[in-house]
Structures are given as structure tokens and as C-alpha cells.
Amino acid sequence: MNRLDTNRHGETDGQHEPMNRLETESLSVLKELEVNANIQLFARQWVDENGIESIDDIFALFDRLALPYRLVANLDEVGDHKLVLLVLGENELVSGHLESKQFVAVDGNEDVSDIPQFCIVIVGAPLEKLLRIGLVNGYMLFVLSFLNCS
């Protein structure tokens with residue numbers, strides 16, 4: 001599905017339609033990880049073209065970015081990670097982190113009293129970020145570029 005064909009962008013003023021909650025939370029993960037601006041721009045363009053209407057679409061974006069993540073059943077299994085997404089429903093998730101075994105939403109205003117269906121633990125930055133390291137070692141650059149082709 002190409003969302004650009006469905007007038008996601010206003011033809012007269014070039015403004016974006018407001019993003020839905022899943023799109024906003026998905027892109028905020030990259031900001032929280034402080035990934036390079038080119039990756040954030042690519043992700044924004046991907047969202048504009050494909051949209052994020054379900055949790056499966058989030059996985060598609062994360063996989064396309066080679067963003068390492070794992071799924072856990074509950075907060076007790078999260079461990080020490082910078083970023084966690086609580087999946088509260090098919091169209092509802094909240095990003096945050098654990099402090100003293102308590103979930104703290106990124107925006108600080110989100111009160112999460114629901115038990116999540118599962119958690120998406122962001123394990124690290126997208127592999128594209130590692131390409132900068134690969135510039136010192138040509139072999140590493142080749143391997144990472146190969147792993148991220150799609």
C-alpha cells in the first residue's frame with residue numbers, strides 16, 4: 001500500500017496529515033535512541049509511504065531499519081534496557097524505560113495502569129549506525145551492508 005497515493009500529503013500546501021499514535025510512538029523510538037538524522041528521515045519517509053496501522057507494521061519498520069529488539073511477556077523480563085514499548089492493545093503502545101522496576105513513560109505524563117499484552121524491548125540502535133564503525137574496517141562494512149539489504 002502506497003499511502004502517498006491516498007493523499008497523505010496535502011497537494012496544495014505540502015503539509016503532512018497528523019500521524020496516528022502508532023506512527024508517532026514508532027518514530028519517537030529513533031529519537032530516544034538518538035540515531036542519525038538520515039535514519040530518522042528514512043523512517044519518516046517509510047511511514048509516509050507505508051503507514052503504521054498495527055503492531056505488525058511496527059515490526060516491519062523495525063525490521064527494515066535493522067533495529068534489534070526482542071519480545072517479552074511482561075516487565076519482569078525486560079532487564080536493563082534504555083527503551084521499552086508496552087503493547088497495551090492492537091493500536092495502543094507506550095514507550096518508556098524502567099526505573100527501580102517501575103515503568104516510566106518517555107513523555108512523563110502517561111499513566112500506565114493497564115497490564116501490557118507484551119513488551120517490545122529495544123536492544124540497541126539500528127545496524128546502519130554501525131556502518132560508521134565499519135568505515136575503519138572494510139570487512140565489517142561489507143557484512144553490515146549485506147545484512148541490511150532488502
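- Residues Val123 and Val87 fall into different hydrophobic clusters, defined by Ile, Leu, Val, Met, Phe, Trp and Tyr side chains chained together at heavy-atom separations under 4.5 Å.
- We find the CD1-CD distance between Ile58 and Glu53 to be 10.5 Å, quoted to the nearest 0.5 Å.
- Residue Leu75 holds its CG atom at 9.0 Å from CD of Gln102, rounded to the nearest 0.5 Å.
- Checked by atom type and distance alone, the side chain of Arg70 pairs as donor or acceptor with a backbone atom of Val78 at under 3.5 Å.
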Side chain to side chain contact (heavy atoms under 4.5 Å, CB included) evaluation trace for Leu65 with Asp63: CA-CA 5 Å; Leu65 294 172; Asp63 290 345; over 6 Å; no
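- Residue Leu61 holds its CG atom at 9.5 Å from CZ of Arg64, rounded to the nearest 0.5 Å.
- The CD1 atom of Ile120 sits 10.5 Å away from atom OG of Ser95, with the distance rounded to the nearest 0.5 Å.
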Stepwise side chain to side chain contact (heavy atoms under 4.5 Å, CB included) test for Met19 and Arg44: CA-CA 10 Å; Met19 291 188 292; Arg44 175 62 192 238; 3.6 Å; yes
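- Remark: of the listed residues Val94, Leu93, Ile52, Val94 is the sole one forming a side-chain contact (heavy atoms from CB on, under 4.5 Å) with Arg21.
- Residue Leu22 holds its CG atom at 11.0 Å from CG of Asp56, rounded to the nearest 0.5 Å.
- When hydrophobic clusters are built by joining Ile, Leu, Val, Met, Phe, Trp and Tyr residues whose side-chain heavy atoms come closer than 4.5 Å, directly or via intermediates, Leu83 is not grouped with Val104.
- Using a 4.5 Å heavy-atom cutoff, the side chains of Val29 and Phe62 are in contact.
- In terms of heavy atoms, Asp57 sits closest to Trp46 at O-CH2, 3.8 Å.
- Taking the side chain as every heavy atom from C-beta outward, Ile55 and Phe118 approach each other to under 4.5 Å.
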Leu98 vs Phe103, side chain to side chain contact (heavy atoms under 4.5 Å, CB included): CA-CA, chis, key distance, verdict: CA-CA 5 Å; Leu98 291 183; Phe103 181 80; 4.1 Å; yes
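- With values rounded to the nearest 0.5 angstrom, Glu34 atom CD is found 9.5 Å from Gln40 atom CD.
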Step-by-step side chain to side chain contact (heavy atoms under 4.5 Å, CB included) determination, Ser28 to Val106: CA-CA 9 Å; Ser28 75; Val106 167; 5.9 Å; no
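- The hydrophobic cluster containing Leu67 also contains Leu71, counting ILVMFWY residues as joined when their side-chain heavy atoms lie under 4.5 angstrom apart, directly or transitively.
- The heavy-atom pair separating Glu90 from Ser54 by the smallest distance is OE2-CB, 2.8 Å.
- Side-chain atoms of Glu23 never come within 3.5 Å of backbone atoms of Gly51 as a donor-acceptor pair (strictly under, hydrogens ignored).
- Formation of a donor-acceptor pair under 3.5 Å by the Asp114 side chain with backbone atoms of Pro116 is not found in this model.
- Contact detail for Leu30 and Ala43: the closest heavy-atom pair is CD1-CB, 3.3 Å.
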